[in-house]
Amino acid sequence: RIVTGTGATGAFTEARFATRLVGARTAHDIGVEILGVDIGGARAEPGIARLDGTATFDRPVDRTSGTPRLLTLDLREARLAFGNTSLGLDGAITVSPDGFPEGDLTLTAENWREVLRLLTAAGMIHPDVAPTWERMFTSLTETTANPDRLDLPLTLSAGRVSIGPLPLGFLPRLPGY
């Protein structure tokens with residue numbers, strides 16, 4: 001069982017992690033698969049989470065080189081899925097000299113209304129602001145070919161994340177910077 005600082009809860013039954021060197025000694029393909037995902041009991045059937053990407057560090061990841069710092073992350077897929085409902089993220093980031101992620105990512109929600117309901121039920125979105133998010137997402141999807149799919153371009157820059165010109169919040173400085 002996992003509890004966040006905001007009180008949101010979750011659990012999983014099994015986790016798998018794999019990594020392999022790619023080219024230089026500082027780049028790694030990373031794969032994570034988490035089975036039996038439960039986000040606060042918000043969904044009857046368990047979900048699955050996956051991450052697939054390549055991370056590049058400033059030094060080799062080993063016992064003798066000290067703590068490596070992340071330089072780039074090519075995120076091919078980060079996805080949380082419950083049946084026909086999923087929330088995904090892909091794109092590439094670099095880390096600025098002062099330790100903030102920068103780059104462009106795409107956030108994709110299949111069956112986005114259910115994703116919003118799940119995140120609200122799990123305590124990740126406050127119930128008072130969920131209707132505001134729903135109205136915004138409805139406006140963004142009502143003229144698309146698939147109004148149940150939400151694709152949001154996220155920009156990470158100068159310690160902030162935004163959707164186009166709309167600022168969403170601040171990003172944390174990564175460890176080691």
Considering only NZ, NE, NH1 and NH2 on the basic side and carboxylate oxygens on the acidic side, decide whether Arg113 and Asp148 come within less than 4.0 Å.
-> yes

Is there a donor-acceptor pair under 3.5 Å between the side chain of Thr155 and the backbone N or O of Asp104?
-> no

Has Arg160 got more than 12 heavy atoms of other residues, nucleotides or ligands less than 6.0 Å from its CZ?
-> no

Just wondering, more than 12 heavy atoms not from Phe170 lying within 6.0 Å of its CZ?
-> no

Taking all non-hydrogen atoms of both residues, which atom of Ala49 and which atom of Val37 are closest, and how far apart?
-> N-CG2, 4.0 Å

Starting at CD of Glu77, measure out to OG of Ser86 and round the result to the nearest 0.5 Å.
-> 9.0 Å

Enter the distance from Met136:CE to Leu152:CG here, rounded to the nearest 0.5 Å.
-> 6.5 Å

When rounded to the nearest 0.5 angstrom, what distance separates CG in Leu87 from CD in Glu110?
-> 10.5 Å

I would like to know whether Phe57 and Leu70 meet side chain to side chain contact (heavy atoms under 4.5 Å, CB included); could you show each step before the answer?
-> CA-CA 5 Å; Phe57 300 93; Leu70 181 66; 4.0 Å; yes

Output yes when Arg149 and Asp151 qualify as a salt bridge under the 4.0 Å nitrogen-oxygen rule, no when they do not.
-> yes

Atom of Arg59, atom of Thr26 and distance for their closest heavy-atom approach | C-CG2, 3.5 Å

Can you name the one residue among Leu105, Leu71, Thr72, Leu75 that meets side-chain contact (heavy atoms from CB on, under 4.5 Å) with Ile93?
-> Leu105

Point-to-point distance, once rounded to the nearest 0.5 Å, from CD1 of Ile125 to CH2 of Trp133 | 7.0 Å

Taking side chain as C-beta onward, heavy atoms only, is Leu35 less than 4.5 Å from Arg16?
-> yes

Which of Leu174, Leu73, Asp58 passes side-chain contact (heavy atoms from CB on, under 4.5 Å) with Val95? Answer is Leu174

Check the hydrophobic clustering (I, L, V, M, F, W, Y; side-chain heavy atoms under 4.5 Å; chains of links allowed) and say if Leu21 and Leu51 are grouped together.
-> no

May I have the step-by-step check of side-chain hydrogen bond (donor to acceptor under 3.5 Å, both in side chains) for Arg79 and Thr108, ending in yes or no?
-> CA-CA 9 Å; Arg79 182 160 316 283; Thr108 302; 5.6 Å; no

Mind checking whether Ile48 and Leu89 sit in one hydrophobic cluster, side chains of I, L, V, M, F, W, Y counted as touching below 4.5 Å?
-> no

Give a yes or no on this: more than 12 heavy atoms of other residues, nucleotides or ligands lie within 6.0 Å of atom CZ of Arg69.
-> yes

Residue pair Arg76 / Asp29, side-chain heavy-atom distance below 4.5 Å | yes

Closest approach of Thr141 to Trp112 (non-hydrogen atoms, all atoms of both residues) | OG1-NE1, 3.5 Å

Please report the closest heavy-atom contact between Leu171 and Pro101, naming both atoms and the distance.
-> CD1-O, 3.8 Å

Applying the 4.5 Å side-chain criterion to the ILVMFWY set and letting contacts propagate, would Val115 and Ile163 be lumped into a single cluster?
-> yes

Rounded to the nearest 0.5 Å, the CZ atom of Phe100 sits from the OG1 atom of Thr94 at a distance of 13.5 Å

Picking from Asp52, Leu107, Asp74, Thr106, what satisfies side-chain contact (heavy atoms from CB on, under 4.5 Å) with Asp90?
-> Thr106

Residue pair His28 / Arg25: nearest heavy atoms and the distance that separates them = NE2-O, 4.1 Å

Shortest non-hydrogen contact from Thr120 toward Ala130 | OG1-CB, 3.6 Å

Any donor-acceptor pair under 3.5 Å from Glu102 side chain to Ala158 backbone = yes

Distance (rounded to the nearest 0.5 Å) between Arg50 CZ and Leu80 CG | 11.0 Å

Any side-chain heavy-atom pair of Leu168 and Leu154 under 4.5 Å | yes

